[in-house]
Every structure is written in structure tokens, then in C-alpha cells.
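Remarks on the structure that follows.
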Amino acid sequence: MAKLQPVRGTHDILPKESIQRRHITDQARNIAARYCFDEINTPIFEFTEVFQRTLGDTSDIVSKEMYTFEDRSGASLTLRPENTAGVARALISGGLSQSLPLKFFYSGPMFRYERPQKGRLRQFHQLGVELLGVSEPIGDVEVISLGAQILSSFDILKKTTLEINTLGDKASRLAYSEAIKSYFSNYESSLSKDSILRLSKNPLRILDSKEECDIEIIKNAPNMNNFLNEYSRDFFKYVCDGLNNLGITFSLNSKLVRGLDYYNHTAFEFTTNELGAQSAVLAGGRYDGLVEAMGGSSIPGVGWAAGLERISLLFRDEVIASRPISVIPIGVTAETEGLKLANELRASGFTIDIAYRGNLSKRMKRANKVNSYAAIIIGDDELNKKTATLRNLDTGEQQEIKIDKISETMEHIFPKTLKSQHNDS
RNA sequence: GCGGGCGUAGCUCAGUUGGUUAGAGCACCUGAUUGUGGUUCAGGGGGUCGUGGGUUCAAUUCCCAUCGCUCGCCCCA
């Protein structure tokens, strides 16, 4: 339809899907809370610099995927393409570094100007965690285990594979980067266009390439392991041992480099092959240099982000929608009484839908359509007797109840579990 | 940014080798049932056939362009 459409790569999240989304974020937030990660909310836009400086000019995100615009004062702003930079900025601008270590959970929309496809949108949603101020590898282990726990709670951990790698510390990474650079320089004429560019800007990224011509050359490239210094090697060993200790299975993937410049040491991805071209469900790593690069003091960090849409695609269980009680007034006086009654019941915790229009039959149909488990009918007969007719829509049983005692009576007839059955997520 | 596939009712889709008023199922509305839902039956509304142009006596159908969706490349959650 050439009518009003949402902007490309954006979607309306209708009630049915919203219920599922809320369930996912609520559950993730609760589990993160058990690890003592507290929720943080940062603005969805920042000064462009915040992302430019931290993600690195060579990253695809900065070079071609950011939603950047000028506001009325001429400042360059950018819709956040990810949230780690925003959290790091909050840490610096809020002076939070006084109370390290800090553990944050977040969820919300992110924006990247990409070609939409399955599991990839221009406005998408991530939830994630950041652990700041812990340079020890135990932090990596806990953060990864939190991710595994969350995936497991949706019963989708089994659909994923945890891949991990180490990029080493700064010194190791630098040494390796040099070696890679000189190795690939020998084959410059055979490399893909992208990789030739990477050669000067960010040689490690060549290892990530999926181009036929590159893959041949990558096979014999120097291995990171040979360039790790002792500290980096011990660090990674601790992480691997830690995961084994917790019974978290993983596979080593030395090609796992990660797109963003600020990563060092541990890099990991929970991947799946059930999402078409997109494989990463939850991914992250350690970013010890980030806060400093942004102008703060040297504060280490490790964290991950998960794609809500991707989790949602894997997590197919129907989340049960709410079941209300329908209040069905017939006649003007009954409507007045019905509104009062509905509000009283809502105040005591019941979920009430009012059937607005039509004769009794129509309003009963409405009650059935919204899946009510009971109907409270008020008409002239009832008004005269100051009662209401309560009909159980599952059994068809019907009884008269006194209007002035309706809340207590209802609480008595319907147990708490029924009353709030949809409010538990 | 680059490639492939697809655009017919709110949804899922049929259809036309170019030819009167374009179909089905589901959904929606009305009635059978003026105070009793789910099932059933009868009827009804809803389409500029994505948009613009071209070819033709005639285009939803063929051609071109464009927009959108979708899948993939790249990259990422």
C-alpha cells in the first residue's frame, strides 16, 4: 500500500508482541538483579563524538551506519547505535567512578542505518550488561555466565553455541597487529578491496573476512596465540577454566575479532544458525581502554549486549495474554452503576473490561472475544434488587450477588491466582 | 552500498495465454436470538490489483521506471 508507512527498518510493536517483549526484558532484568546488576537508563542520543571516539573511525558503525543529525543549536548528535559508549559517558559525567566497581543492566532501542533483513532492523532493541572497574578475569566469567543464565531462562541456550577468543592485552594486540600487517602486506594484490583498506586501518579485521580470496590467505596467517604475553595467556586461561568450572560449554574461535575497536582480552558470542544470515544473539567482550579513550581515567570494563528481536525469534513460546472479567451494563442507569462497579473491582486488583455497546447478546460476544473468564451483568432487574448477575464464562454457571458487597464476594469466588494471572511478569 | 524474490480485501492467498460488474478462506458488520457468549445458518460492507508512465481498440495481466516488503552479500545484537 502506498499509504502512510513506518520508516524503513522500523516496526510497530503491537500488543501481542509487546507482551512477549516485556516478558523477555523483565525476566532478563530480574536475573541480572540476582547478580546485583542494577538498571541504568541513558539517553537514546548523545553527542556524535561519544560514539566516534570510542567505536573507532574505521568501524562500519561509525563509517556508514550512524543516524547523525544537527539539532537547532548546530550540535552534532547521533542516535545511539549501541549502549556501551553511553554508559561509559554516564560514568564519567556523573562522577560515578568514586563507587567502583559498578554493575549495570540496560535495555532499550538502538539505531543503525543498515539494509533491513531477518533479525536486523534500523531501530532494534538490545538488552545488555556492563561491569566497570574490574580488571580481573573473574569479571569476564561472571558476565558470561549471566548471559548464559538469561538465555537458559528462555530455554534457548541450547540453540546457541558460545564462541570465545582472546585479543590479548594492549601490548599483545599491538605486537600481533604488526605481525598480521606485515604478513598480509605480502599478499596485498590478492586481497579483497575491503581487506586492503583494513590493512592500513585495522588489520585484525581481515581475519573476519568471508571473501573467498581472503580466506585462502588467512589460513596461513600468524596465530594470535603466539603473540600473547604471559599475562594475557594466564588471563584467558582463567576465563576458560572459570567457564568450565561453571559447566558452561564453549568453543574456541581464533577468528573471532569483534567489530568494535575498543575490545581487548576476552571476546565472545553466543551464536545460532536459526536466524538466517544473522548469527549473533548475545555478544560482547572486555573493553579496558574505552573509558580512558573517552577522556576518563583508566577504568576497565566487560559486558555484552543481546538483540531482543533475535531472542524473540528463537523464543517462540506464547506468553499467555491476560484474561479479564467483563462488566456488562444494559441501559443508561446500569452503565453509571457499571462504571462505578468496574472501578471498585479494579481498585481491589481485578482486571475489568467494560462492554460498551449493543444489546446483551452483543456485549456477551465482546466478553467472549476478550477471553473473559466471567461476566457481571447489570440490567433493570438487577438494579431493582441491588444485585448483579455473575456468570462464569468457562462453566456457564450463573448466580446473583449483592452489589454493595461485590469486591469481597468476587475475592471469595475467584482466588488471587486467577485475579492477577497476567500480572506476574 | 551491491545482488535475488515478491507487491491482488484488515490477514493468508487464488486468478487473468490481455477482454463485461476481480474471487476464496479467515476476520469484521447485520440478522435468526428486542436479557445471555463460544457452535451453526442466512445476508452484508470492504479493492484506484503498490505508484507513475509506455505498448494496445482494451492492461490487474505485457514492457520500463519508481516506491515498499523480503531474503542474501557486507557488517552486526
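Chain naming here is simple, since letters A, B, ... match the order of the sequence lines and numbering starts at 1 in each.
Atom name C1', nucleotides B:A27 and B:G10: the rounded distance is 7 Å, in whole Å.
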What side-chain donor-acceptor pairs closer than 3.5 Å can you find for residues 132-144 of chain A, not counting sequence neighbours?
{"unit_1": "A:Asp140", "atom_1": "OD1", "unit_2": "A:Arg286", "atom_2": "NE", "d": "3.0"}
{"unit_1": "A:Asp140", "atom_1": "OD1", "unit_2": "A:Arg286", "atom_2": "NH2", "d": "2.6"}
{"unit_1": "A:Asp140", "atom_1": "OD2", "unit_2": "A:Thr266", "atom_2": "OG1", "d": "2.6"}
{"unit_1": "A:Asp140", "atom_1": "OD2", "unit_2": "A:Arg286", "atom_2": "NE", "d": "3.1"}

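Residues of residues 360-368 of chain A that place a heavy atom closer than 4.0 Å to RNA chain B, in numerical order, are A:Leu360, A:Ser361, A:Lys362, A:Met364, A:Lys365, A:Asn368.
Neither side chain, A:Thr389 nor A:Gln398, offers a donor N or O lying under 3.5 Å from an acceptor on the other.
Not a single side-chain hydrogen bond (donor to acceptor under 3.5 Å, both in side chains) links A:Lys405 to another residue, sequence neighbours left out.
To the nearest 0.5 Å, atoms CG (A:Asp288) and OH (A:Tyr263) are separated by 12.0 Å.
Taking atom CE of residue A:Met110 and atom P of nucleotide B:C76, one finds them 17 Å apart after rounding to whole Å. We find that CZ of A:Arg323 is positioned 17 Å from P of B:G37, with the value rounded to whole Å. The separation between A:Asn392 atom CG and B:U36 atom P is 18 Å, rounded to whole Å.
Sequence neighbours left out, the pairs with a member in residues 306-315 of chain A that pass salt bridge (Lys or Arg N to Asp or Glu O under 4.0 Å) are A:Arg21-A:Glu309.
Taking only side-chain atoms of A:Arg8, from C-beta outward, the nucleotide of B:C69, B:A77, B:U36 with the closest atom is B:C69. Of all nucleotides listed (B:G35, B:A77, B:G37), B:G37 comes nearest to the side chain of A:Leu393. Taking every side-chain heavy atom of A:Asn359 into account, B:U34 is the closest of B:A77, B:U34, B:C28.
Taking the ring centroids of A:Phe37 and A:Phe105, they lie at or beyond the 6.0 Å cut-off. A distance below 6.0 Å separates the ring centres of A:Phe414 and A:Tyr373.
Side-chain N/O atoms of A:Gln117 include one lying less than 4.0 angstrom from OP1 or OP2 on B:G72.
For the pair A:Pro116 and A:Arg122, the minimum side-chain heavy-atom distance is below 4.5 Å.
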Reading RNA chain B 5' to 3', what string of ( ), [ ], | and . shows its pairs, if Watson-Crick and G-U wobble pairs count only when both distances fall under 3.5 Å? (((((((..((((.....[...)))).(((((.......))))).....(((((..]....))))))))))))....

N/O to N/O distances under 3.5 Å, protein versus nucleotides 1-3 of chain B:
{"unit_1": "B:C2", "atom_1": "N4", "unit_2": "A:Arg115", "atom_2": "NH1", "d": "2.5"}
{"unit_1": "B:G3", "atom_1": "O6", "unit_2": "A:Arg115", "atom_2": "NH2", "d": "3.3"}

